[in-house]
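Read through the structure below, which is laid out as structure tokens, and then see the notes.
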2 protein chains.
Amino acid sequence: MARTVAERSDALPALGECFREHGYEGASLALIGEATGLGKGSLYHFFPGGKAEMAAAVLAEIDGWFEREIFAPLREADPPGPGITHMFEATETYFRSGRRVCLVGGFALSDARDRFGAAVKDYFARWIDALSAALLRAGWERKASRAAAEDVVGGIQGAIVLARSLDDPRAFTGMLARMRERLMS
Amino acid sequence: MARTVAERSDALPALGECFREHGYEGASLALIGEATGLGKGSLYHFFPGGKAEMAAAVLAEIDGWFEREIFAPLREADPPGPGITHMFEATETYFRSGRRVCLVGGFALSDARDRFGAAVKDYFARWIDALSAALLRAGWERKASRAAAEDVVGGIQGAIVLARSLDDPRAFTGMLARMRERLMS
DNA sequence: CGTTTCTTGTACCGTTCGGTAAAGACTTTC
DNA sequence: GAAAGTCTTTACCGAACGGTACAAGAAACG
């Protein structure tokens with residue numbers, strides 16, 4: 001019947017959610033087909049490289065979103081304060097207060113890291129660099145800004161783990177609020 | 001030939017390492033057999049419940065180790081300072097400066113959480129409680145001690161994600177050193 | 001020594017895995 | 001309206017999955 005989904009990018013959000021919830025290995029083609037509403041034929045039409053290409057496309061889309069919505073504002077906001085504030089707010093929304101897992105962080109802990117190591121490394125390195133640059137412009141010392149950026153970017157990942165483990169989004173919002181206070185005071 | 005492995009507990013370390021490296025889903029019986037040196041016959045003899053029982057046994061062993069080596073010292077050390085110092089040192093050794101993944105944290109991010117949610121929640125809740133109690137005895141206010149304990153326990157998980165992502169153990173050791181300084185100063 | 005209990009290797013089960021092939025159905029283009 | 005290109009359905013493949021059955025081998029015990 002050819003439902004003319006038309007764009008492969010239309011499938012990316014559902015694809016991303018599927019990888020998020022089940023991990024790279026756990027996201028079977030059956031689950032992916034269910035999540036996207038696409039059969040194997042369509043999936044392999046859009047992603048001839050199979051699961052690996054699907055995951056790579058999702059990673060690229062996520063990378064683009066963060067670059068646009070978080071990294072660039074961090075680098076460019078003048079004064080830098082609002083860029084940092086926006087990072088915390090956008091992060092909290094994006095991860096739905098810890099109810100939504102970070103796909104990149106999840107990949108980092110699984111053996112999907114071997115396959116997508118470069119993308120994973122790049123994502124976190126650029127986040128830390130962008131935040132560190134913002135702190136630098138806000139008057140922080142070089143070493144202190146780098147350390148604080150690592151603390152915050154790492155802390156966000158830890159906050160997700162904690163909120164999911166305790167089954168309590170307040171663990172996420174609490175940690176973020178305290179990190180924010182530590183940066184802005 | 002019946003190599004008389006004798007104790008099912010002898011297989012737990014290798015079993016744990018296998019789940020750590022590949023996750024619950026990714027650890028196939030073939031990989032598990034390879035890691036433990038045991039055939040399916042032996043594995044199902046010791047763990048009639050299959051993979052789920054193996055993972056539960058590993059979680060129980062990990063829980064016991066942390067209770068003995070970290071939680072109890074945190075609760076009992078008098079003065080509390082050395083108990084906290086010991087926690088940081090033991091944690092750094094156990095996770096091999098972030099080269100070794102936290103199995104419980106990994107489960108929390110995957111859909112293994114649905115299966116082992118209670119054990120995962122308990123592990124983190126008891127860690128936070130024990131650390132919080134130590135800080136309380138060290139003179140911290142109740143709310144501040146709880147917040148700091150969440151920051152540190154979550155921060156450790158984030159440090160593992162970061163070190164693995166950046167492929168740099170210094171991200172782990174650095175974050176831990178700064179959290180330690182924040183607690184002890 | 002023989003017997004019982006514990007441990008193991010092997011063959012096998014049905015299911016699901018990622019991936020392929022090819023024909024059909026719809027759109028677009030001229 | 002036919003030809004070309006795009007998208008989807010369906011059936012299928014070999015391999016690997018988790019799990020079971022069972023008989024043979026080693027240990028322990030009388």
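Please read all numbers here as calculations on a predicted model, not as lab measurements. A, B, ... follow the sequence lines: proteins, then strands. Residue 1 opens every chain.
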Taking only residues at least two apart or on different chains, which pairs with a member in residues 157-176 of chain B satisfy side-chain hydrogen bond (donor to acceptor under 3.5 Å, both in side chains)?
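Applying side-chain hydrogen bond (donor to acceptor under 3.5 Å, both in side chains) to every pair that reaches into residues 157-176 of chain B, excluding sequence neighbours, yields B:D168-B:R170.
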
Table of protein N/O atoms under 3.5 Å from nucleotides 15-19 of chain D N/O atoms:
residue : atom : partner : partner atom : Å
D:dC17  : OP1  : B:S28   : OG           : 3.1
D:dG18  : OP1  : B:K51   : NZ           : 3.1
D:dG18  : OP2  : B:L29   : N            : 2.6
D:dG19  : OP2  : B:Y44   : OH           : 2.7
D:dG19  : OP2  : B:K51   : N            : 3.2
D:dG19  : O5'  : B:Y44   : OH           : 3.1
D:dG19  : N7   : B:K40   : NZ           : 3.2
D:dG19  : O6   : B:K40   : NZ           : 2.3

Rounded to whole angstroms, how far apart are [atom1] on [X] and [atom2] on [N]?
{"X": "B:L38", "N": "C:dC6", "atom1": "CG", "atom2": "P", "value": "17 Å"}
{"X": "A:E34", "N": "C:dT16", "atom1": "CD", "atom2": "P", "value": "13 Å"}
{"X": "A:L43", "N": "D:dT9", "atom1": "CG", "atom2": "P", "value": "10 Å"}
{"X": "A:F47", "N": "C:dG18", "atom1": "CZ", "atom2": "P", "value": "15 Å"}
{"X": "A:R115", "N": "C:dG18", "atom1": "CZ", "atom2": "P", "value": "11 Å"}

Could you work out how much the helix from C:dC1-D:dG30 to C:dC30-D:dG1 bends, comparing the axis of its first five pairs with that of its last five, to 10°?
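Axis-to-axis angle, ends of the helix: 10°.
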
By ring pair (Phe, Tyr, Trp, His ring centres under 6.0 Å), which residues pair with A:F107, not counting sequence neighbours?
A:F116

What pairs meet the salt bridge (Lys or Arg N to Asp or Glu O under 4.0 Å) rule with one or both residues in residues 92-117 of chain B, with sequence neighbours excluded?
B:E17-B:R100

Which pairs count as salt bridge (Lys or Arg N to Asp or Glu O under 4.0 Å) when at least one residue sits in residues 46-64 of chain A, sequence neighbours excluded?
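As it turns out, the salt bridge (Lys or Arg N to Asp or Glu O under 4.0 Å) pairs with a partner in residues 46-64 of chain A, which skip direct neighbours, are A:R8-A:E53, A:D63-A:R126.
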
I'd like to know if the side chain of A:T36 and the backbone of A:I32 have a donor-acceptor N/O pair within less than 3.5 Å.
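At least one qualifying donor-acceptor pair exists.
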
Does C:dT7 have OP1 or OP2 under 4.0 Å away from a side-chain N or O of B:H45?
yes

Pairs under 3.5 angstrom only: tabulate donor-acceptor contacts from the side chains of residues 73-80 of chain A to other protein residues two or more places apart or in another chain.
residue : atom : partner : partner atom : Å
A:R75   : NH1  : A:E67   : OE2          : 2.9
A:R75   : NH2  : A:E67   : OE1          : 3.2

Return all side-chain donor-acceptor pairs below 3.5 angstrom for residues 175-185 of chain A, not counting sequence neighbours, or 'none' if the list is empty.
residue : atom : partner : partner atom : Å
A:R178  : NE   : B:D151  : OD1          : 3.0
A:R178  : NE   : B:D151  : OD2          : 3.1
A:R178  : NH2  : B:A147  : O            : 3.4
A:R178  : NH2  : B:D151  : OD1          : 2.9
A:R180  : NH2  : A:E89   : OE2          : 3.4
A:R182  : NH2  : B:D151  : OD2          : 3.0
A:S185  : OG   : A:E181  : O            : 3.1

Does A:S9 have any side-chain contact (heavy atoms from CB on, under 4.5 Å) partners at least two apart in sequence or in another chain, and if so, which?
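Listed in chain order: A:E7, A:L12.
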
